[in-house]
K.L.:
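This is the structure I have questions about; it appears just below.
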2 protein chains.
Amino acid sequence: MNAKPNVKTIADIARLAGVSTSTASRALRDSDLISIETKERIKKIAQEHSFRPHLGARNLRLKKSNSIVLVFPFDYADQDVLANPYIFKVLGTVGSALRARHYDLLLSRLSDINMLIDDLYIHSGLAEGAIILGRGDNDQSKMAALVETNIPFVVLGPEHDNQGYCSVGIDNRQSSRMAVKHLAKQGRKRIAIISDNFDEPIAEGYQRYQGYLQGLADAGLPFDQNLTVLSTYAGQSGYDAIQLLLESVPDFDAIFVATSDIVAIGAMQALHDANKRIPQDVALVGFDNIDLCDFTNPPLTSISQRLHEGVADLLTQKLLDQIAGQQVESTMLQGRLVVRQSCGASVLT
Amino acid sequence: MNAKPNVKTIADIARLAGVSTSTASRALRDSDLISIETKERIKKIAQEHSFRPHLGARNLRLKKSNSIVLVFPFDYADQDVLANPYIFKVLGTVGSALRARHYDLLLSRLSDINMLIDDLYIHSGLAEGAIILGRGDNDQSKMAALVETNIPFVVLGPEHDNQGYCSVGIDNRQSSRMAVKHLAKQGRKRIAIISDNFDEPIAEGYQRYQGYLQGLADAGLPFDQNLTVLSTYAGQSGYDAIQLLLESVPDFDAIFVATSDIVAIGAMQALHDANKRIPQDVALVGFDNIDLCDFTNPPLTSISQRLHEGVADLLTQKLLDQIAGQQVESTMLQGRLVVRQSCGASVLT
DNA sequence: GCATATAATGCAATCGATTGCATAAACCCG
DNA sequence: CGGGTTTATGCAATCGATTGCATTATATGC
């Protein structure tokens with residue numbers, strides 16, 4: 001059926017060209033040790049047989065893999081997280097950045113950092129480094145262990161004191177503070193917060209909570225424990241949170257949904273169902289600034305993590321620099337408040 | 001710093017254990033050629049040095065790669081597509097299924113089928129097969145060329161006559177017909193359709209359009225060219241489509257958004273802005289049944305592609321069977337209409 | 001015309017793990 | 001106690017591409 005006989009290896013090409021495998025290999029790599037004519041001839045033969053060198057063999061010889069593993073410290077089964085467009089966007093932008101640098105992207109089948117260390121793609125030669133998409137609340141002792149292994153890796157997430165590794169992320173505290181101040185500026189007095197963490201200093205949710213507290217303080221508003229509600233990453237969780245608030249502190253007039261826009265959308269739904277008008281009765285600010293923010297009803301004000309503005313490139317470049325043996329520094333970006341209608345501000349600018 | 005000296009290869013382990021590499025290799029693979037005590041001893045040493053065999057070397061020797069490449073026939077830069085939670089969900093479920101079968105997942109940096117054939121991960125030994133997430137409208141001549149290569153692959157998408165490859169997807173025509181009939185049953189007479197393709201028989205959008213036509217016919221409704229609007233995959237596109245309809249045929253009373261739920265959400269926003277009530281003035285049905293359907297206002301009736309019900313497993317199993325040399329058949333699943341409020345049906349059941 | 005520089009090519013080892021075959025050691029049994 | 005098994009281990013080739021070194025062929029210089 002196929003006109004071309006089995007041409008699978010460089011040796012096959014060499015045989016067809018009547019040269020040694022060394023010559024064939026050099027020709028295909030464009031070495032100047034080989035005469036122009038010979039190179040042309042060999043290349044032509046390779047082309048005709050649509051020959052591709054076996055990358056596994058090459059990588060073995062060259063001791064590299066030219067690929068990076070992207071780790072979700074979540075289980076694939078955790079559909080709530082997977083349903084978050086933000087994560088997907090990160091995946092896409094990181095993939096794009098790696099591609100531009102001729103690296104392949106391996107998705108980790110690992111669900112936590114322990115397994116990463118344990119099952120180590122890197123030690124097994126599959127990847128040269130890792131990009132870890134965390135919410136930053138990975139157990140720091142595990143992270144320390146990871147640092148110990150000397151595996152090159154970077155983390156998308158918050159920066160901690162003396163973390164010992166390189167991270168790229170936005171300033172959760174500052175961004176949140178800004179969001180809350182913005183709500184206060186619209187005249188809101190009873191601003192609630194929905195977050196996924198109020199206890200662990202290491203968690204992004206906690207840091208956003210801290211920013212919330214600062215924002216309240218800045219605006220001279222009192223803190224009320226009842227205005228804090230925990231959530232997961234699912235839309236339903238936002239819905240439930242609102243119902244809780246409506247029961248306990250029905251006088252709230254704004255919500256900062258620190259968890260994610262998806263949760264904010266769930267919250268909006270609950271408010272609609274309770275006949276609360278947004279933003280007249282309750283103003284809302286989300287986090288992540290997903291595309292959908294433009295199409296919620298009303299459009300959702302949110303904090304942009306500046307994904308389009310180079311986070312993926314930063315992550316990728318820092319990782320590759322690290323692999324190349326360079327020292328790299330963490331970067332903390334300032335979030336940007338994208339004002340739409342849900343926060344009650346007039347969108348004139 | 002590290003107490004353990006350079007232990008990178010099986011030879012190192014062998015040296016430490018005072019045996020040959022063959023013995024070490026066999027011991028680590030649990031061969032019964034090796035005495036129990038020796039095995040235990042070698043395994044212990046390997047453990048202590050957290051040794052992992054180099055998978056590249058193993059794969060080279062065993063002539064396999066134990067990984068699959070997942071191809072998006074979209075560019076990473078195509079943010080509209082990447083923003084679709086449906087694709088992400090597929091990614092997650094396929095990843096999960098592969099993981100369960102101990103395969104690694106490589107993301108293709110390829111943007112089209114041509115490059116897949118050309119740049120071929122498979123010929124280069126990186127992957128054993130490919131899962132192609134298409135909208136099924138891949139150029140069929142390219143697909144034929146792909147079939148020619150004998151590379152094992154499966155496609156998530158519609159089934160075509162004599163396609164020559166294995167696909168798994170839902171019956172676009174039938175599902176769409178069902179959706180339209182459902183709208184007609186609610187008394188809607190002027191049902192519009194938003195789709196991304198009205199011309200190419202090979203495209204999913206076209207097939208959904210055909211289903212729409214059948215549905216209209218079933219319900220005895222006349223076809224009106226003006227009720228058909230083209231869209232891309234972005235929410236904005238749905239918004240624009242509605243504005244177009246409002247200008248040209250303001251009397252429409254229902255829309256079947258065949259492109260995706262994201263587009264439907266954009267459409268809802270446009271309807272809100274035009275003070276059209278959903279579903280009283282305009283009823284709406286989307287496609288994909290993403291999680292968010294529960295949290296739109298009102299909740300969006302949509303067609304489920306049955307992702308949770310084994311599509312990923314089917315794809316994975318069929319691909320692995322193919323790699324193992326078996327003959328595999330395509331599967332076409334029936335879509336399921338998930339009724340919520342946007343279609344105007346009473347949700348009593 | 002001969003020695004030396006230069007260009008082109010091939011040989012063989014290498015990357016790290018695996019495995020068929022050979023060998024050595026221990027054991028069995030008459 | 002010698003021949004025949006059984007059990008445990010090692011040797012060396014292999015997967016496919018790459019590259020240092022050696023070798024041959026050609027060119028240059030005097």
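All of these numbers come straight from a predicted model, not from anything done at the bench. We name chains A, B, ... by the order of the sequence lines, and we start the count at 1 in each one.
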K.L.:
Charged N to carboxylate O under 4.0 angstrom, A:Lys44 versus A:Glu48?
P.N.:
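Salt bridge flag = yes for A:Glu48 with A:Lys44.
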
K.L.:
Checking B:Asn66 side chain against B:His102 main chain: does a donor-acceptor pair fall under 3.5 Å?
P.N.:
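Pair found, side chain donor or acceptor close to backbone of B:His102.
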
K.L.:
For the pair B:Asp12 and B:Arg15, find out whether any cationic side-chain nitrogen is under 4.0 Å from an anionic carboxylate oxygen.
P.N.:
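Counted as a salt bridge, because a side-chain N and a carboxylate O are separated by less than 4.0 Å.
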
K.L.:
Is there a side-chain contact between A:Thr9 and the phosphate of D:dC15, meaning an N or O under 4.0 Å from OP1 or OP2?
P.N.:
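Answer no for this pair, as no side-chain N or O of A:Thr9 is under 4.0 Å from OP1 or OP2.
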
K.L.:
Atom CD1 of A:Ile42 to atom C1' of D:dA17: distance rounded to whole Å?
P.N.:
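After rounding, the reported distance stands at 14 Å.
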
K.L.:
Consider the side chain of B:Thr21, meaning its heavy atoms from C-beta on, and name the nucleotide among D:dG10, D:dA17, C:dT18 that approaches it most closely.
P.N.:
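From the listed options, C:dT18 comes nearest.
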
K.L.:
Quick one: is A:Ser20 getting a side-chain N or O under 4.0 Å of the C:dT9 phosphate, OP1 or OP2?
P.N.:
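Negative; the distance criterion is not met.
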
K.L.:
Touch check for B:Ser22, heavy atoms < 4.0 angstrom, all strands: base, sugar-phosphate only, or nothing?
P.N.:
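Answer is base: heavy atoms of B:Ser22 come under 4.0 Å of a base.
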
K.L.:
Are OP1 or OP2 of C:dG16 and a side-chain N or O of A:Lys63 less than 4.0 angstrom apart?
P.N.:
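It does, given that an N or O in the side chain of A:Lys63 lies less than 4.0 Å from OP1 or OP2 of C:dG16.
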
K.L.:
Main chain of B:Ala312, side chain of B:Thr316: is a donor-acceptor contact present, judged purely on distance under 3.5 Å?
P.N.:
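Between the backbone of B:Ala312 and the side chain of B:Thr316 there is a qualifying donor-acceptor contact (under 3.5 Å).
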
K.L.:
In this structure, how many angstroms lie between the P atom of C:dT18 and the NE2 atom of B:His54, rounded?
P.N.:
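Taking atom P of C:dT18 as the reference, NE2 of B:His54 is at 12 Å.
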
K.L.:
What is the distance from CZ of B:Arg58 to C1' of C:dC15, rounded to the nearest Å?
P.N.:
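Roughly 16 Å, once rounded to whole Å.
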
K.L.:
Is any side-chain N or O of B:Arg61 closer than 4.0 Å to OP1 or OP2 of D:dA13?
P.N.:
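Result: no.
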
K.L.:
Let me know the distance between NZ of A:Lys8 and C1' of D:dA17, rounded to the nearest Å.
P.N.:
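Value for this atom pair: 16 Å.
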
K.L.:
Atom CZ of A:Arg26 to atom P of D:dA17: distance rounded to whole Å?
P.N.:
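Roughly 15 Å, once rounded to whole Å.
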
K.L.:
Name the residue closer to the 5' end of DNA chain D, choosing between B:Ala57 and B:Val19 according to the nucleotide with the nearest heavy atom.
P.N.:
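Its nucleotide being nearer the 5' end, the pick is B:Val19.
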
K.L.:
Indicate yes or no for a side-chain donor-acceptor contact from B:Glu128 to the backbone of B:Ile68 under 3.5 Å, with no hydrogens or angles considered.
P.N.:
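No; zero donor-acceptor contacts below 3.5 Å.
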
K.L.:
Using a heavy-atom cut-off of under 4.0 Å over every strand shown, decide if B:Arg29 touches base, sugar-phosphate, or nothing.
P.N.:
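Sugar-phosphate: the residue B:Arg29, judged by heavy atoms under 4.0 Å, touches backbone atoms but no base.
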
K.L.:
Of A:Ser25 and B:Glu37, whose closest DNA chain D nucleotide lies nearer the 5' terminus?
P.N.:
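Taking each residue's closest nucleotide, the earlier one in sequence belongs to B:Glu37.
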
K.L.:
Does this structure show an ion pair linking A:Asp30 with A:Lys43, if we count only N-O contacts that are shorter than 4.0 Å?
P.N.:
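Yes, this pair counts.
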
K.L.:
Under the side-chain hydrogen bond (donor to acceptor under 3.5 Å, both in side chains) criterion, do B:Ser20 and B:Thr23 qualify, and how do the steps go?
P.N.:
CA-CA 5 Å; B:Ser20 71; B:Thr23 301; 3.2 Å; yes

K.L.:
With a 4.0 Å cut-off on heavy atoms, is B:Ser31 in touch with a base, just the backbone sugar-phosphate, or nothing at all?
P.N.:
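It contacts nothing in the nucleic acid.
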
K.L.:
Could you tell me how far apart B:Leu60 (CG) and D:dA13 (P) are, to the nearest whole angstrom?
P.N.:
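So the two atoms are 17 Å apart, to the nearest Å.
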
K.L.:
Does B:Leu62 reach a base, just sugar-phosphate, or nothing at all? Heavy atoms under 4.0 Å.
P.N.:
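It contacts sugar-phosphate atoms only.
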
K.L.:
At how many degrees, to 10°, do the end axes of the helix from C:dG1-D:dC30 to C:dG30-D:dC1 meet when each uses five pairs?
P.N.:
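That helix has its two terminal axes inclined by roughly 50°.
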
K.L.:
Rounded to the nearest angstrom, tell me the gap between atom CG in B:Leu28 and atom P in C:dA17.
P.N.:
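So the CG-P distance, B:Leu28 to C:dA17, works out to 9 Å.
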
K.L.:
So, applying salt bridge (Lys or Arg N to Asp or Glu O under 4.0 Å) with A:Asp313, which one of A:Arg99, A:Lys318, A:Arg101 is it?
P.N.:
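When A:Arg99, A:Lys318, A:Arg101 are each tested with A:Asp313, the salt bridge (Lys or Arg N to Asp or Glu O under 4.0 Å) holds only for A:Arg101.
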
K.L.:
Just how far, in rounded Å, is P of D:dC11 from CD1 of B:Ile10?
P.N.:
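Going from B:Ile10 (CD1) to D:dC11 (P), I get 15 Å.
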
